Amino acid sequence: MGATRTDHFTDQQNKIAIIAKALGHPARIAIIEYLLKVNACICSDIVDELPLAQPTISQHLKELKNAGLIKGSIEGTSICYCINEETFSLLKEYFANIISTVANQKCC
């Protein structure tokens, strides 16, 4: 297996790949869906909602935050998480372009 050479790809290709990797776990999809439903919450709210331990939820939140899919602000001793609209706007543009291109293609 060869080494990944991210410098051979555009910034957008690398960003989309990071986002896609972060979305590649069902627990993270569930967290995103929960945040969409409640708008903002703290980790313990998610722990109450999903069948996962707090350290596991925290690790998934960290991955989502590192990919830019969510953002967090400190409120007292907790971090309040919410959806990062900018990243989802980037995804919307990216996939809209793919859908538009595919819809206009005549393949095989």
Side-chain angles (χ1 to χ4, degrees):
M1 184 161 95
T4 302
R5 304 284 309 255
T6 58
D7 56 325
H8 292 293
F9 303 99
T10 67
D11 287 342
Q12 182 181 19
Q13 289 167 334
N14 284 306
K15 178 71 175 166
I16 296 295
I18 289 167
I19 294 167
K21 184 176 179 183
L23 288 171
H25 194 288
R28 295 183 197 141
I29 298 296
I31 291 169
I32 294 289
E33 290 173 354
Y34 181 71
L35 287 173
L36 287 169
K37 185 170 67 173
V38 299
N39 193 35
C41 69
I42 59 174
C43 182
S44 63
D45 295 337
I46 300 169
V47 171
D48 292 341
E49 182 73 16
L50 300 178
L52 300 171
Q54 185 275 325
T56 304
I57 296 285
S58 292
Q59 184 61 36
H60 286 304
L61 288 168
K62 179 181 174 186
E63 293 296 325
L64 290 168
K65 192 167 187 227
N66 287 343
L69 288 160
I70 64 173
K71 50 189 175 181
S73 59
I74 297 173
E75 292 186 5
T77 59
S78 302
I79 299 176
C80 182
Y81 293 98
C82 63
I83 297 294
N84 186 344
E85 304 88 5
E86 290 176 20
T87 302
F88 280 92
S89 180
L90 173 75
L91 285 175
K92 180 181 175 183
E93 265 182 55
Y94 180 76
F95 285 109
N97 183 40
I98 290 174
I99 291 166
S100 173
T101 302
V102 169
N104 295 322
Q105 285 183 341
K106 303 223 185 303
C107 183
C108 310

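Keep in mind that what you see is a predicted model, and the values were worked out from it rather than measured.
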- Message: If you count heavy atoms of other groups shown closer than 6.0 angstrom to CG of D48, is the number above 12?
- Response: yes
- Query: If Ile, Leu, Val, Met, Phe, Trp and Tyr residues are connected whenever their side-chain heavy atoms lie under 4.5 Å apart, and connections chain through other members, are L23 and I98 in the same group?
  - Reply: yes
- Query: In Å and rounded to the nearest 0.5 Å, what is the CZ to CD1 distance from R28 to I57?
  - Reply: 11.0 Å
- Message: Please check if the number of heavy atoms outside I74 that lie under 6.0 Å from its CD1 is greater than 12.
- Response: no
- Message: For I42 versus C80, what's the shortest heavy-atom pair and its separation?
- Response: CG2-CA, 4.1 Å
- Task: Please collect all side-chain hydrogen bond (donor to acceptor under 3.5 Å, both in side chains) contacts where either partner lies in residues 74-85, sequence neighbours excluded, each pair once.
- Result: K71-E85
- Shortest non-hydrogen separation from F9 to N14 and the atoms involved: O-ND2, 3.4 Å
- At what distance, to the nearest 0.5 angstrom, does CD1 of I70 lie from CD1 of I83? 7.5 Å
- Validation row: L35, C41 side chains within 4.5 angstrom (heavy atoms): yes
- Task: Show your working on side-chain contact (heavy atoms from CB on, under 4.5 Å) between L36 and F88 and close with a plain yes or no.
- Result: CA-CA 12 Å; L36 287 169; F88 280 92; over 6 Å; no
- Item | Between CG on residue L64 and CD on residue Q59, distance to nearest 0.5 Å | 10.5 Å
- Query: Do other residues, nucleotides or ligands put more than 12 heavy atoms under 6.0 Å from N39 CG?
  - Reply: no
- When hydrophobic residues are tied together by side-chain contacts of less than 4.5 Å, even through go-betweens, does F95 share a cluster with I29? yes
- Message: So, applying side-chain contact (heavy atoms from CB on, under 4.5 Å) with L69, which one of I32, L61, I31 is it?
- Response: I32
- Query: Do N104 side-chain atoms and S100 backbone N/O form a donor-acceptor pair below 3.5 Å?
  - Reply: yes
- What distance separates T10 OG1 from K15 NZ, expressed to the nearest 0.5 Å? 13.0 Å
- Message: The criterion is side-chain contact (heavy atoms from CB on, under 4.5 Å); which residues satisfy it with I16, sequence neighbours excluded?
- Response: Q12, L90, L91, Y94
- Query: Taking all non-hydrogen atoms of both residues, which atom of C43 and which atom of Q54 are closest, and how far apart?
  - Reply: SG-NE2, 3.9 Å
- Side chain to side chain, H60 and L52, heavy atoms closer than 4.5 Å: yes
